[in-house]
Structure formats: C-alpha cells, structure tokens
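Below is one structure; the comments refer to it alone.
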There are 2 protein chains.
Amino acid sequence: MPEPRPARPRSDAVASAMDQLCQCVAAELIQVEKMFDEELRSEAACVNILVRHVSRFRGKMLRPLLLLLTGQACGTLKRDHIVLATVVEMVHMATLVHDDVLDEAELRRRGATINHLRGNEAAVLLGDYLISHSFHLCSSLDSQFASRIIGRTTNRVCEGELLQIHNRNNLDLDEETYIQIVTQKTAVLCASCCLLGAQSAGATDSVVDAMRLYGLSLGTAFQIQDDILDIVGDQNTVGKTLGIDVQKGKLTLPMIHFMKTAPREHRTLLRSLLLSREADKVERIRNLILPSDSVQYAAAHARRLVDRALHCLDSLADAPAKSVLNQLAEFVITRPM
Amino acid sequence: MPEPRPARPRSDAVASAMDQLCQCVAAELIQVEKMFDEELRSEAACVNILVRHVSRFRGKMLRPLLLLLTGQACGTLKRDHIVLATVVEMVHMATLVHDDVLDEAELRRRGATINHLRGNEAAVLLGDYLISHSFHLCSSLDSQFASRIIGRTTNRVCEGELLQIHNRNNLDLDEETYIQIVTQKTAVLCASCCLLGAQSAGATDSVVDAMRLYGLSLGTAFQIQDDILDIVGDQNTVGKTLGIDVQKGKLTLPMIHFMKTAPREHRTLLRSLLLSREADKVERIRNLILPSDSVQYAAAHARRLVDRALHCLDSLADAPAKSVLNQLAEFVITRPM
C-alpha cells in the first residue's frame, strides 16, 4: 500500500498567494498531480520510494500553471493540456534533481535533497527516470508536434547548463553571456509551456508566438529574481540552500553589475572573496553588495522583462485567465520565495 | 574549424571481426556516424569539445548494427532506419556517460572518461544532452510509434539501473533479480533496436516479435559476458577499467553462483573480501573464483540465451543480413572485449 505523501510545506503567505493564482485551473492542477504520480509509479518498490520523495519538491507548479493558464486564456482546456502540463513538470523536476547534484545542495523546499539523502548515484538515475517518463508521456499524444518542441527545449536547457558550468569561476562573465545562460536554462522551458498551452487550444500563429514571448520574458525575470534571492534572500522564507551561486563560483547579475560599476577597491575585494575558501564568504559578499545599487539594477532588469511579458498579453481577449497571467508576471519578481 | 576526431583505438583482432560483421551495412553505419555528429553539433564551443570527446567512445556500435541488420534482414533499409540507429546509439552513449559517473570509472575505450577528465557535473549534463537529443531526433519521424517505444525503453533502463544500485552490497542477491537487472538495464534496448529495425522494414507482427526476442536474448547474453569479463578479463584487451563490479559491490552471475555452490569457507572468504577495502581485493576474488566452475556456469547461461536468439532467426528468409545476425549472436559471447 502506498504511503501517504507528506504535505508540501510552504509559508502561509506564499501558499495563499499561489492558491489564489491557481484558482481558475485548480481542478486541472489536481489532474496533473494525479497523472504525475500514476505515470511515475513503478513495480519496483525501491523506485517508488525515491519518486515519492521527489514529489515533495513539487512546489509552485509554475510551469504547469503557465501551460494551463495560456491554454485557458486562448480557448478551452483539453486532455492534451493535462498531459503536457504533466510533461513539463517532469522535465522541470528532472532538472531540479540533477541541479542539486551539480550544486551539491542539501536542502530543497525545506526537505533534504535526493543526493544528500540517497547519494549522487540515485539522484542522477532519478533525474534520468523523470526525463525518460516525460518523453514517454509526451509520445502518447497523437502528433509529434509537442515531442519535437519538448526535445528542442531540453536540448537548449542542457546547453544552458553546460554553458553555465563552463563559466564557473569566470569573474569576467559579461551580462550578455549571463542572459544567454538564464534564457537557455530557465526561460525556454517557460516559453515552451506557453507556446504549447496556446497551440493546443487552437490559437492563431501570432497569438501562439506572443504567448511564447510572454513565457520567455517571464522565465528570464523569474531566474534573475531567483539569483537576487540567492544573495539577499532569507533562507527560512525561500526554503532552499542559499548562497550557492557564490559557493559554486557562478556570477549573477548583481555581481556582474558590481564588477563593472563599484569603486576599484570594492571590486578587488569581491574578486578575492569569490576566490577565497573562507567560511563567511557568502555573508561578506552579501554585506559588500547590499549597500551598492547592483541589486536594484538587477531588479530593474527583471521589471523591464515583466513589462514586456505584460505587453504580450495585449493580443488576448479579456478573461479571468488573462488577468491571472497578468498577476503571475508581477508575482515572479515580488515573491519572497 | 572542428578539430579532427582522433581515430578510435581498438585491438586489431576485434576491429577486424567487427568490420566483417558490419560489412553489409557499412554505408549505413557511416550515415549514422554523420547524423550523430550533425545532430549533436552546438553553437557553443564548450559543448562541442565535450561532444567530440564522447564520440571517441563510439566503439562496437552494437545497437545501430542490430537495428540496421534486422531492418535489412526483414526488408529494405529506409531513412527511418538511419534516424533510429542514430537515436539508439545516443541513448546508449547517454547511459555510458552516466554509468561512468556512477561507477567513478576512469577509463573507457582506452580514453579517459568524461567524469575523470571534466568532473561529474559535465558528465551528468553531457548525458542529459545526449538523451535529450535522442528524443529530439526521434520526434522528427512522421509517427509517434518509435518515440513511444524509445520512451518505454529508457523508462525500463532507468528502473534497471535503480534496481542495481538498490542491490549494491547485497551479498544475498539472487539469480532471478540479477537477470531482471541485466534485462532492464541492457537487454531491453537491444530488443527495441531489433523491434524497430523490423517494424520500420514492414515486417509482420510475428516477425517483429521474433526479432524483439532475438535482441532481448542477445542483449542479456552480452551483459552476462560483460560481467564475466569484468572478473576474468584482461584490461589491456577489454580497454576499460575492470573489477568495477567488485569495487562497487555489484554481485554478478559468477559470484552469485559461487555464493550458492562453493564450500562454506570459500563463501565466507568471498563475503569478507567483497566487504573489505583491501587494495588487492579484485585480484584475490578473481583468484578465488577462477578455479571453481562458477565462471563456466555463467558462460553456459549466456550460451543458452544465444541459442534462443539463434532460434528466433528461423522465421527469416535466408539472406546475408540473417547470416550476420547469426554470427553477431555468437560474437557477443566469444568476444575478448
């Protein structure tokens, strides 16, 4: 008999904000959760234990939400939307599990990561299991269209991740390369969610493309905000290991801006802190950057992207889902998580 | 400008045996190599460097060979066969790259493994890049049939690998579970190669199923032989790190048989050696097992599977490709690599 899945712990404020955003697709999100669990169920007990653990990481369900909301904003939700929303959540979970291996993270959504709990081997294989099941589920649809989009998307996500580790400890990383990494590793999946949601609802080509750009802009803003929180966030609120970018030598937008604009002695200090192995380096970098305007610079960049996302919604007729897409774009840069 | 790919080093005897087996699909194998390189080519130089390195691991091309030969034995080879042969080789390469992370192996086909050379992170991501491209390429075909088969196959491969690490250091592993692991992690991919080769050539359902069983039997025999070589093989001939099963606490068929049949004091010694951290444990286990009949027992099991594979070929009309499938089944248990 399956063990009951433990409730997902989230701060009350965030949970309530997200629940409100999810309301008009709440029934569909429950179907997505059910399909997720059914597709991953295995005859091998040892596999189910890992899968159950990873299910706890399902938090915001941002990607299924994007797919379902664009679908609803562009027409009527069909079974294909449920399948595709499950597919994109699996792809996302796979990247989370492998990311935690790469980052050697110990904490994810207030629970221990798979690699921390069961070792890197189980984490690598569980990520593979998730990505394999996402393609398998996607191939159950009538046409190859979505499989092709998902395949192209994961190709780009992998490239983004490879580009990121190639630039680890590159203290001269420029803003353009940073945006390229963020776009590939995070934003293209959000873009594909919106594209597939709209396309499966029968939207015209120009609306499909507007939705793709909405997802791309929102996804980029989301990752910039994630990177800001990694420096200035509160671990108890965010619920995952913070300061990882600094620990792993990944320069993010606030640091890149600081390196270009701060007084010479501050820049020299940041360089030496980034290269140091001191235990309090994260804290010291945070204290160095916070008084500058580099966090605000990054936040302003994210704000402009959200404005572009909002502009993409102009082509949609007024509807509850459109209004939620509007709020969702604002939420990605105001969220405390 | 791309660097020239270094020649793949193989022992002359093995190379010549394989070349002979490949002869009737030699032109198609060249197309597969070309498609493999083209599909994986990236705009990011850092990605291409990794991909070029992994191309060196392409050795026997057993899986493309199975797909092309069954296709030719059942009808006429089409472009779909080239695409699918490339897809299965990518799937296989992805499992190799991730296996090397799991095994912490340093040597593969006489070259350093990706994880040894570039770290586990690059190896995890490169495996993901390969699996993503395999699905992307597969989704370029007209129908979802092959995508569905490939997805189901990789689901089972992952389950087999997870079952294997779950049974790491299980000194009471039984033969049934061992065969289940071997079937899932190795044989189902070979089975799918033969199924897809036959199906894409327009074979009848019963021939498609016979080919699937041929691949399943051959694949199981192949893995048993691999496991035998891991204990008794010569590293210079085999060309990859040996003794890994013992080092990583994976019981294989010779050891499972030995645990059931050897005199009590030998069994106790094997147990203590498997659990020990002594530097010469691989050598000592080899010397303990070799004089027993446990290696022969495993070899006889592989032999019976090859006989079953040969029997599956009865439904095919006589043709050069059929004769090569015959020789290939013999080769998997006689090869020194």
**OP:** May I ask you to decide if the ring planes of A:Phe135 and B:Phe135 are parallel, tilted or perpendicular, using 30° and 60° as cut-offs?
**Re:** parallel
**OP:** Go through the atoms of A:Glu39 and report whether side chain, backbone, both or neither lie under 4.5 Å from a heavy atom of chain B.
**Re:** side chain
Original post:
Restricting to pairs with a member in residues 171-187 of chain A, which pass salt bridge (Lys or Arg N to Asp or Glu O under 4.0 Å), not counting sequence neighbours?
Top reply: A:Asp172-A:Arg271
Subject >> For B:Ser132, side chain to side chain contact (heavy atoms under 4.5 Å, CB included) partners two or more places apart >> reply: A:Thr154, A:Asn155, A:Cys158
Original post:
How far does CZ of A:Arg168 sit from CD of B:Glu121, to the nearest 0.5 angstrom?
Top reply: 4.0 Å
**OP:** Could you grab the distance from atom CG of A:Asp128 to atom CG of B:Asp128, nearest 0.5 Å is fine?
**Re:** 6.0 Å
Subject >> Heavy-atom closest contact (B:Arg152 atom, A:His136 atom, distance) >> reply: N-CD2, 3.3 Å
Original post:
What part of A:Gln180 gets closer than 4.5 Å to chain B, counting heavy atoms only: side chain, backbone, both or neither?
Top reply: neither
**OP:** Could you note down all residue pairs passing side chain to side chain donor-acceptor pair (under 3.5 Å) where residues 187-201 of chain A supplies at least one of them, sequence neighbours left out?
**Re:** A:Thr153-A:Ser192
Original post:
CG of B:Leu125 to CG of A:Leu163: how many Å apart, nearest 0.5 Å?
Top reply: 11.0 Å
**OP:** Identify the residues of residues 137-151 of chain A whose heavy atoms come closer than 4.5 Å to a heavy atom of chain B, ordered by number, or report 'none'.
**Re:** A:Leu137, A:Cys138, A:Ser139, A:Ser140, A:Leu141, A:Asp142, A:Ser143, A:Gln144, A:Ser147, A:Arg148, A:Gly151
Subject >> For chain B, the option from A:Ser134, A:Ala94, A:Gly127, A:Cys46 that forms the most heavy-atom pairs under 4.5 Å >> reply: A:Cys46
Subject >> Reported CG-to-CG distance for the pair B:Leu126 and A:Leu162, which is rounded to 0.5 angstrom >> reply: 6.5 Å
**OP:** Below 4.5 Å from any heavy atom of chain B, which atoms of A:His133 appear? Answer side chain, backbone, both or neither.
**Re:** both
Subject >> Neighbour count >12 (heavy atoms, 6.0 Å) for atom CD, B:Glu38 >> reply: yes
